[in-house]
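First up is the structure itself, then whatever we jot down about it.
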Amino acid sequence: MSEKSLDKRPLNRTKPLIIAGPCSVESKEQLFSTLEGLPLAKLDYVRGGIWKPRTRPGSFEGMGEAAFEWIEEAKSVFNIKFATEVATAEHVEIALKNDVSMVWIGARTTVNPFNVQEIADALKGVKIPVFVKNPINPELALWKGAIERFVKNGIEQLGAIHRGFQTFQPSKYRNTPFWQIAMEFKSEFPNIPMICDPSHMGGKRALIGELSQRALDLDYDGLMIETHFDPDNALSDSQQQLTPANFTILLDQLILREHAFNDESIINQLEIIREQIDQADREILEAIATRLSLVEKIGDYKKENNVAIFQISRWKEILQSRSEWAKSLNLDPEFIRELYRHIHQQSVRIQTSVFNSDKASKTND
Ligand code: PEP
Ligand code: MN
């Protein structure tokens with residue numbers, strides 16, 4: 001095991017935190033065979049679910065406390081630090097009794113503030129790292145709220161795990177990343193390390209490499225990846241676990257990025273590009289200001305002539321022509337349509353207030 005520890009704040013880490021191991025601890029043989037194939041010296045923790053929150057009853061729900069006998073043995077044979085998910089105060093008590101080195105809160109738990117509070121209370125004063133997975137649904141507030149409950153209870157080694165979100169939109173992922181939500185989380189809690197769980201995000205082996213690299217490109221502090229010596233026969237999440245051999249290949253292929261630029265000449269170049277970006281942004285804002293003042297004018301006009309604010313044919317024409325202009329400028333038409341939805345909404349808002357202020361001034365006359 002490496003000596004890396006979470007005492008170092010994310011910005012001081014030189015290497016990503018790596019957690020690997022099976023979705024669930026199934027048997028001593030399964031645990032040992034998996035560990036034998038893993039590059040343990042490169043791992044900070046070995047993961048393994050003991051209590052599995054399953055969507056439907058009747059699925060494999062984990063081996064429970066009995067698994068600790070094998071884990072204890074594995075700790076002494078392989079010299080590993082073991083991490084597991086806790087979902088109740090009782091799990092916390094059993095995990096601590098068995099000297100677990102790190103715990104995480106699962107996505108199905110983060111959605112429930114009562115559960116989170118119960119776990120935070122059970123972990124009060126405990127020194128091991130506690131990681132909080134994002135909630136199942138794309139709601140930043142629930143994730144933040146869960147973190148705050150642990151902060152309030154004095155948990156010092158806190159971390160976050162981004163495992164993607166359920167959505168009703170068709171998606172190639174089991175859980176859509178919505179990277180923006182994790183970025184917002186990071187902006188609000190810059191000192192809390194954020195790691196990515198590409199296994200639950202992707203839901204299939206083929207996506208794990210690209211998701212892991214994407215997370216490192218976005219300056220994540222580590223990865224948690226499910227591995228199993230015989231993934232196809234795993235009792236849970238069989239589609240998304242890597243063999244230890246494939247995990248090793250993946251780890252070697254990942255490109256680590258610097259946190260920031262060090263080289264003086266690159267920093268100068270960067271400053272020049274940033275100034276150009278600032279200038280381009282000013283121009284965008286000036287163009288929006290011009291557009292919105294024209295909108296105000298047309299609002300007056302519609303009001304005077306007693307014409308409705310919303311003209312569906314004009315709106316359709318705007319969407320159509322702007323996405324064609326976007327294409328000719330090599331811009332993503334869907335991005336531009338989305339942008340115009342916002343601009344149009346604001347335009348309608350402005351015209352509505354033009355209509356209302358007219359009314360107000362009439363009654364004042
Ligand atoms: C897990 O890590 O095995 C797990 C159940 O994950 P999640 O809470 O992200 O679904
Ligand atoms: Mn799993």
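We count ligands from 1, going down the list as the structure has it; atoms in each ligand are counted the same way.
With a 4.5 Å cut-off on side-chain heavy atoms, His200 and Lys133 count as touching. At least one side-chain heavy atom of Ile208 sits less than 4.5 Å from a side-chain heavy atom of Ile225.
For the side chain to side chain contact (heavy atoms under 4.5 Å, CB included) test, residues two or more places apart in sequence or in another chain that qualify with Val77 are Phe32. Partners of Gln320 by side chain to side chain contact (heavy atoms under 4.5 Å, CB included), not counting sequence neighbours, listed by chain and number: Glu324.
With rounding to the nearest 0.5 angstrom, the CZ atom of Phe82 is 10.0 Å from the CG atom of Asn98.
When heavy-atom distances to ligand 1 are checked against 4.0 Å, the residues falling inside are Cys23, Arg47, Lys52, Glu85, Trp104, Gly106, Ala107, Arg108, Lys133, Arg163, His200, Glu226, ordered by chain and number.
Gln240 and Arg205 form no side-chain donor-acceptor contact under 3.5 Å, judged by distance and modelled atom types alone. His91 and Glu85 form no side-chain donor-acceptor contact under 3.5 Å, judged by distance and modelled atom types alone.
A salt bridge does not link Lys152 to Asp121: none of the charged side-chain nitrogens sits closer than 4.0 Å to a carboxylate oxygen. One finds no salt bridge joining Arg274 and Asp281 here, because no Lys/Arg side-chain nitrogen approaches an Asp/Glu carboxylate oxygen to under 4.0 Å.
Shown are the protein N/O/S atoms under 2.8 Å from the Mn ion (ligand 2), given by residue and atom: Cys23 SG, His200 NE2, Glu226 OE2, Asp237 OD2.
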